Amino acid sequence: MRKIILAGNWKMHKTQAETLEFVAQFKPAIDDAPDDRGIVLCVPFTDLAILSKNLHGSAIQLGAQNVHWEETGAYTGEISAAMLNEVGVRYVVVGHSERRQYFGETNETVNFRLRAAQKAGLTPILCVGETKQQRDANETEAVIFQQLKEGLVGVDQSQLVIAYEPIWAIGTGDTCASDEANRVIGLIRGKLTNADVTIQYGGSVNPGNVDEIMAQPEIDGALVGGASLKPDSFARIVCFQ
Ligand SMILES: O=C(CO)COP(=O)(O)O
């Protein structure tokens, strides 16, 4: 049975004070959310501990945005799975296109990070997706299949979420048509050995388009950037109909 998961990816947004302000408004706003869906906030490292304390007893689960593959060592600026575990993290975004584009993440390092996360009991959210140029050159499927092939070596598909995030749709307001996102997600599912993997769509999801996106049969949730930063807007997304 595929689980529905709505995850906010805050990227490099919100101080601790802003995080507390968000939670105070978000918690009551999702009181009526159906309990068939998981709700995750993937926040900056500095917000994790304080958010963890404030999420106690709520349905919201904690997520991070990166994890290193080594257990410990001289890796300035990185963070280990055990460190994330200790503060209550359950999910971690791996291979986001911004990490691939700005920080040299490759399919191989994505694979290392996925396996390290799983080894520590975290559920990674693997991001895949094509650029506009690749889409225009009809390379969408080839690019995504390669990301999956190299990224999923030795990865346990029973403890995995995948997010299809077409890069051209991220932060642009230019959402991928819901039937096209559904088609690509169906193709991704065809490459997996476990039929129950949750596959999300990400890229300019907002309160105005979430119902249509979530009505698509292959789409099991959303990974939401900009629209997850405002409590009322993310609450509306979580409460999609
Ligand atoms: O990158 C994203 C989530 O990981 C999507 O960002 P936006 O929702 O701002 O387009």
Side-chain angles (χ1 to χ4, degrees), residues 1-11 22-23 26-27 29-43 48 51-52 55 58-67 84 88-96 113-114 117-118 121-129 148 151-152 155-166 169-170 175-176 178 181-182 184-186 188-189 192 194-207 209-229 231 233-241:
M1 174 86 171
R2 280 149 46 191
K3 187 172 160 60
I4 296 168
I5 302 176
L6 291 309
N9 175 11
W10 282 3
K11 309 188 179 184
F22 176 97
V23 174
F26 183 63
K27 270 194 193 164
I30 56 162
D31 259 354
D32 295 332
D35 54 16
D36 64 348
R37 54 201 69 179
I39 307 166
V40 183
L41 289 173
C42 301
V43 303
L48 289 171
L51 193 52
S52 184
L55 293 185
S58 93
I60 308 162
Q61 290 180 298
L62 197 57
Q65 300 172 17
N66 193 17
V67 60
L84 297 178
V89 168
R90 293 286 162 263
Y91 292 85
V92 58
V93 176
V94 174
H96 192 279
R113 292 182 200 272
L114 290 172
Q118 291 189 332
L122 304 175
T123 298
I125 303 175
L126 164 64
C127 300
V128 297
L148 293 172
L152 292 179
V155 168
D156 175 3
Q157 293 188 14
S158 69
Q159 194 189 330
L160 175 72
V161 172
I162 294 179
Y164 169 52
E165 296 209 315
I170 294 177
T175 325
C176 182
S178 57
N182 188 66
V184 177
I185 288 176
I188 293 172
R189 200 176 302 286
L192 303 177
N194 176 7
D196 287 338
V197 174
T198 295
I199 310 183
Q200 303 171 312
Y201 167 76
S204 297
V205 176
N206 62 50
N209 61 24
V210 67
D211 297 337
E212 186 191 330
I213 291 167
M214 290 307 300
Q216 295 289 336
E218 294 288 353
I219 303 182
D220 305 324
L223 185 57
V224 186
S228 73
L229 294 170
S233 137
F234 193 46
R236 172 63 186 85
I237 289 170
V238 163
C239 297
F240 77 86
Q241 283 131 24

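Quantities reported herein were computed from a predicted structural model and do not represent experimental measurements.
Residues Glu165 and Leu223 come closest through the heavy atom pair OE2-CD2, 3.4 Å. For the pair Ala227 and Ile237, the tightest heavy-atom approach, listed with the atom from each and the gap, is CB-CD1, 3.7 Å. When all heavy atoms are compared, the tightest approach of Met214 to Gly221 is CE-N, 3.5 Å. Considering all non-hydrogen atoms of both residues, Leu114 and Pro124 come closest at CD2-CB, 3.5 Å. Nearest heavy atoms, Pro207 versus Arg236: CB-CG, 3.5 Å.
In this structure, Ser228 contributes its side chain and Val224 its backbone to a donor-acceptor pair below 3.5 Å. Panel note: side chain Gln65, backbone Lys11; a donor-acceptor pair is recorded below 3.5 Å. In terms of modelled atom types and a separation under 3.5 Å, the side chain of Arg189 and the main chain of Val197 share a donor-acceptor contact. Remark: side-chain polar atoms of Tyr201 are paired, donor with acceptor, to backbone N or O of Cys176 under 3.5 angstrom. Put simply, the side chain of Asn182 gets close to the backbone of Glu218: a donor and an acceptor are under 3.5 Å apart. Checked by atom type and distance alone, the side chain of Arg113 pairs as donor or acceptor with a backbone atom of Val67 at under 3.5 Å. Here the side chain of Gln157 pairs a donor or acceptor atom with the backbone of Asn194 at under 3.5 angstrom. At distances below 3.5 Å, at least one donor-acceptor pair connects side-chain atoms of Gln200 with backbone N or O atoms of Ile5. Although no hydrogens or angles enter the test, the distance criterion places a donor-acceptor pair under 3.5 Å between the side chain of Ser204 and the main chain of Ala169. A side-chain donor-acceptor contact under 3.5 Å links Asp211 to the backbone of Gln241.
Inter-residue side-chain proximity for Ile60 and Val40 is flagged as unmet; no heavy-atom pair is nearer than 4.5 Å. Considering only heavy atoms from C-beta on, Cys239 stays 4.5 Å or farther from Asp32 through its side chain. Proximity of Val161 to Tyr91: side-chain heavy atoms (C-beta onward) are separated by under 4.5 Å at one or more points. Counting heavy atoms from C-beta on, the side chains of Phe26 and Ile39 come closer than 4.5 Å. Side-chain atoms of Val94 and Ile125, non-hydrogen and from C-beta on, never get closer than 4.5 Å to each other. The shortest distance between side-chain heavy atoms of Asn9 and Val43 does not fall below 4.5 Å. Within the 4.5 Å cutoff, the side chain of Val205 has no heavy atoms near those of the Phe240 side chain.
Atom CG of Leu62 sits about 10.0 Å away from atom CG of Leu122, to the nearest 0.5 Å. A distance of 5.5 Å separates CG in Leu148 from CD1 in Ile162, rounded to the nearest 0.5 Å. Atom CG of Leu6 is separated from atom CG of Leu41 by 10.5 Å, given to the nearest 0.5 angstrom. Thr198 OG1 to Leu160 CG: the interatomic distance, rounded to the nearest 0.5 Å, is 9.0 Å. With rounding to the nearest 0.5 angstrom, the OG atom of Ser178 is 6.5 Å from the CD1 atom of Ile219. Here the straight-line distance linking atom CH2 of Trp10 with atom SG of Cys42 works out to 10.5 Å at 0.5 Å rounding.
Residue Asp36 qualifies as enclosed at atom CG: its count of foreign heavy atoms under 6.0 Å is above 12.
Side chains of Gln159 and Thr123: a donor-acceptor N/O pair is absent below 3.5 angstrom, by distance only. In this model, a donor atom of one side chain and an acceptor atom of the other lie less than 3.5 Å apart for Asn209 and Thr175.
In summary, Asp196 and Arg2 do not engage in a salt bridge, as defined by a charged side-chain N under 4.0 Å from a carboxylate O. Note on Asp220 versus Arg37: no salt bridge recorded, every NZ/NE/NH1/NH2 to OD/OE distance being 4.0 Å or above.
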Q) How far apart are the C-alpha atoms of Ile188 and Val128, what are their side-chain angles, what is the distance that settles it, and do they pass the side chain to side chain contact (heavy atoms under 4.5 Å, CB included) test? A) CA-CA 10 Å; Ile188 293 172; Val128 297; 4.0 Å; yes
Q: Please test Ile199 against Leu192 for side chain to side chain contact (heavy atoms under 4.5 Å, CB included), starting from the C-alpha separation and ending with a verdict.
A: CA-CA 11 Å; Ile199 310 183; Leu192 303 177; 4.0 Å; yes
